Trainee: 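Below is one structure. I have some questions about it.
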Amino acid sequence: MPEGPELHLASLYVNKTCEGVVFSGPVRKSEVSKCSDVPFTCEAYRITATSRGKEVKLTLTPLKSDESKQRAKAGQAVQPMDIVFRFGMSGFFRLTREDELPKHAHLRFYSNEKPCRVLSFVDARRFGSWQHNGTWQAGRGPCIMFEYESFRENVMSHLSDRAFDRPICEVLLNQKYFNGIGNYLRAEILFRLNIPPFLPARAVLENLESEDSCENQKPVKNEISDTKKASARTKKSGVKEETADLLRLCHTVPLEVVNLGGKGYDPEKADYSGFEAWLRCYYVDGMTSIRDHNGRTMWFKGDAGPMAPKDSKSPKAKKRAKKEDDHDYTDKKKASRSRRESTTKKKVKQERMTKTPKKAKDTRLKETGSKRKKTEKASDVNTPQPETRSNTRTRKSSAAETIAGPKRRNVRGTR
DNA sequence: CGTCCACGTCTAC
DNA sequence: TAGACCTGGACGG
């Protein structure tokens, strides 16, 4: 879930699903999580959420009652508490019944309902984190989506910062200036403007206005617009996109994802196809990809630009699958695209660009030998898990999803 | 089975 | 500027 739009969608999800829900008791943490315990307990409290860039803040608000003194005495919270979350690569929130806790539910808030429900912070890879009594992380810039003017000002007034010595695609991941932009957004944004990703950032930015020249057109807003959208579609890349500059697209492109109304980037979910169809560049068949200086895959089309890594390594063009898992709240199915499929063309390109494909940082360790670490893993959730898939793993690729499942994607040049 | 890859930070040499 | 931190899906043998 984790770029600006997904974080914001997560906050909307919490506000929507937890509206009117009364939570009760202590906040509970999984055994495996290394994040701090959250010292909050209360007979009755509510949960609301806000987002800023790549962070979400939950506010736990105790309900009023006459006996606040007694409560305070009993160690119960009286004051609200804020908890600030970062999602890492895999974090999200989910409200479920207590007997259906998701795997990797590392922080949990229990309702006082009859069949109890639980709001969980779920994070398979555990790169996410939280901080109680937290504030927005110092050093992160204004939100690209909801603090647009100050975001823009913050960039334009700091162009002398050495941070802008780097290629534009790498600077776009600098959260001090682009709080909310992540790997798919940088690709989509640069693609819209046809900007070679490895142009020097300062050169790309220095001629932009400090104030948005498109000011009149106002932010994209959460307009669940009516019917005019259809026509706007047809003449896409009309005025708007052509006059919009890079900084403005850092604002509008993420808001497009919010307005898609799904979950954003989340291949596991049923409504991923809407997001997938929205992507024009990232992971799209026919586009080029190389690794930037930090080992992150940059997707683009055409010229890479002068600051491209010399020995440039292009990652293997892998395919991606969406699995049909349907336990979703909104089941709006769509025909799944088959856009990232054939790799034939890319292979040729790879041959040219690839020297020694460096391994993903992510995985390098395992392979370089270091044997298995000690940690005999405790169950992720301290709730007993029905350990259905023990070591007798069956390849499950054939059941459930054959109908419209992954097979589709592999359609090669059948055109 | 093993390898590669993934929406992101962090901190240590 | 490398690693470290993690799990799991897709794919290849």
Side-chain angles (χ1 to χ4, degrees), chain A residues 1-10 30 32-35 53-55 85-92 102-104 106 122-131 137 139-140 166 170 172-176 178-188 254 257 262-269 272 275-276 278-279 282-283 289 291-299 309 313-325 340-341 343 354 357-370 372-373 375 377-380 389 391 393-397 401 405-407 409-410:
Chain A
M1 300 213 71
E3 298 185 24
E6 289 76 20
L7 279 274
H8 183 65
L9 288 165
S30 73
V32 284
S33 172
K34 290 172 186 159
C35 288
K54 261 184 244 182
E55 296 183 304
F85 291 80
R86 262 154 273 141
F87 281 12
M89 296 283 266
S90 55
F92 62 95
K103 209 177 172 190
H104 309 297
H106 295 303
V122 185
D123 183 13
R125 296 184 70 180
R126 272 181 273 149
F127 292 172
S129 63
W130 61 81
Q131 190 175 17
Q137 188 177 42
R140 302 189 79 103
R166 334 200 71 221
E170 293 172 17
L172 284 175
L173 294 185
N174 185 339
Q175 303 298 299
K176 182 175 175 188
F178 296 89
N179 187 8
I181 301 296
N183 206 28
Y184 80 73
L185 283 170
R186 69 170 178 172
E188 293 298 313
V257 177
K263 300 239 174 15
Y265 189 165
D266 187 356
E268 301 301 296
K269 288 298 177 287
Y272 178 62
F275 175 79
E276 190 181 26
W278 173 85
L279 291 172
Y282 181 78
Y283 239 111
S289 69
R291 293 211 198 270
D292 69 15
H293 295 286
N294 300 308
R296 301 272 254 143
T297 302
M298 179 67 218
W299 287 88
K313 2 142 203 255
S314 115
K316 295 226 160 78
K318 273 279 150 105
K319 272 152 280 178
R320 181 165 306 184
K322 165 177 110 76
K323 73 175 205 204
E324 299 290 320
D325 92 12
R340 309 139 173 37
E341 76 303 317
T343 22
T354 308
K358 202 159 63 174
K359 304 183 178 187
K361 286 180 165 186
D362 231 355
T363 47
R364 214 168 283 156
L365 171 71
K366 275 178 193 148
E367 304 163 353
T368 19
S370 93
R372 178 141 292 133
K373 292 274 180 140
T375 52
K377 52 195 48 182
S379 170
D380 249 14
R389 48 157 68 165
N391 34 19
R393 322 187 22 137
T394 46
R395 274 183 63 71
K396 55 136 184 236
S397 51
E401 59 218 9
K407 284 260 161 82
R409 269 179 304 70
N410 275 345

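Letters go in sequence order (proteins before strands), and every chain restarts at 1. These numbers were taken from a predicted model, which means no experiment stands behind them.
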Trainee: NA contact type, A/Glu188, heavy-atom cut-off 4.0 Å: base, sugar-phosphate, or nothing?
Mentor: nothing

Trainee: According to a strict under-4.0 Å criterion, is A/Gln137 in side-chain N/O contact with OP1 or OP2 of B/dC10?
Mentor: yes

Trainee: Within the pair A/His104 and C/dG8, is there a side-chain N or O less than 4.0 Å away from OP1 or OP2?
Mentor: yes

Trainee: Does B/dC5 have its OP1 or OP2 closer than 4.0 Å to a side-chain nitrogen or oxygen of A/Arg296?
Mentor: no

Trainee: Tell me whether the side-chain N/O atoms of A/Gln175 come closer than 4.0 Å to OP1 or OP2 in B/dG8.
Mentor: no

Trainee: Rounded to whole Å, please give me the gap between CG in A/Asp123 and P in B/dA6.
Mentor: 18 Å

Trainee: Nearest whole Å is fine: how far is B/dT9 C1' from A/Phe85 CZ?
Mentor: 17 Å

Trainee: Which value, in whole Å, describes the distance between the C1' atoms of nucleotides C/dG8 and B/dC10?
Mentor: 23 Å

Trainee: Stacking here means centres under 5.5 Å and planes under 30°; does A/Phe127 stack on B/dG8?
Mentor: yes

Trainee: At under 4.0 Å, does any side-chain N or O of A/Arg125 touch on OP1 or OP2 of C/dC5?
Mentor: no

Trainee: Go ahead and write out DNA chain B as dot-bracket, 5' to 3': ( ) for pairs within the strand, [ ] for ones crossing earlier pairs, | when the partner sits on another strand, dots for unpaired; Watson-Crick or G-U wobble, both distances under 3.5 Å.
Mentor: ||||||.|||||.

Trainee: What pairs with A/Glu170 under salt bridge (Lys or Arg N to Asp or Glu O under 4.0 Å), at least two apart in sequence or on another chain?
Mentor: A/Arg166

Trainee: Quick one: is A/Arg126 getting a side-chain N or O under 4.0 Å of the B/dC10 phosphate, OP1 or OP2?
Mentor: no

Trainee: Using a 4.0 Å heavy-atom cut-off, does A/Arg140 contact any base of the nucleic acid, only the sugar-phosphate backbone, or nothing at all?
Mentor: sugar-phosphate

Trainee: With sequence neighbours excluded, tell me which residues meet side-chain hydrogen bond (donor to acceptor under 3.5 Å, both in side chains) with A/Arg86.
Mentor: A/Glu55

Trainee: Closer than 4.0 Å, any side-chain N/O of A/Lys103 to the OP1 or OP2 of C/dG8?
Mentor: yes

Trainee: Rounding to an integer number of Å, can you tell me how far A/Met89 CE sits from C/dA4 P?
Mentor: 17 Å

Trainee: Does B/dA6 have OP1 or OP2 under 4.0 Å away from a side-chain N or O of A/Thr297?
Mentor: yes

Trainee: Can you tell me the distance, in whole Å, between the OH atom of A/Tyr265 and the C1' atom of B/dC5?
Mentor: 10 Å

Trainee: Atom NE2 in A/His106, atom CH2 in A/Trp130: separation rounded to 0.5 Å?
Mentor: 7.5 Å

Trainee: Nearest 0.5 angstrom please: A/Tyr184 OH to A/Trp278 CH2, how far?
Mentor: 5.5 Å

Trainee: How many angstroms lie between atom CE of A/Met298 and atom CG of A/Leu173, to the nearest 0.5 angstrom?
Mentor: 8.5 Å

Trainee: Nearest 0.5 Å, what's the OH-CG distance between A/Tyr265 and A/Leu279?
Mentor: 8.0 Å

Trainee: If I take atom OH in residue A/Tyr283 and atom C1' in nucleotide C/dG9, what distance separates them, rounded to the nearest angstrom?
Mentor: 11 Å

Trainee: Over how many whole Å does the gap from A/Arg86 atom CZ to C/dC5 atom P extend?
Mentor: 19 Å

Trainee: Got a second to check how far A/Lys263's NZ is from A/Phe92's CZ, nearest 0.5 Å?
Mentor: 9.5 Å

Trainee: Rounded to the Å, how far apart are A/Glu170 CD and C/dA2 C1'?
Mentor: 14 Å

Trainee: Output the rounded distance in Å from CH2 (A/Trp130) to P (B/dC10).
Mentor: 14 Å

Trainee: Of all the heavy-atom pairs spanning A/Pro254 and A/Ile181, show the shortest one and how long it is.
Mentor: CG-CD1, 4.3 Å

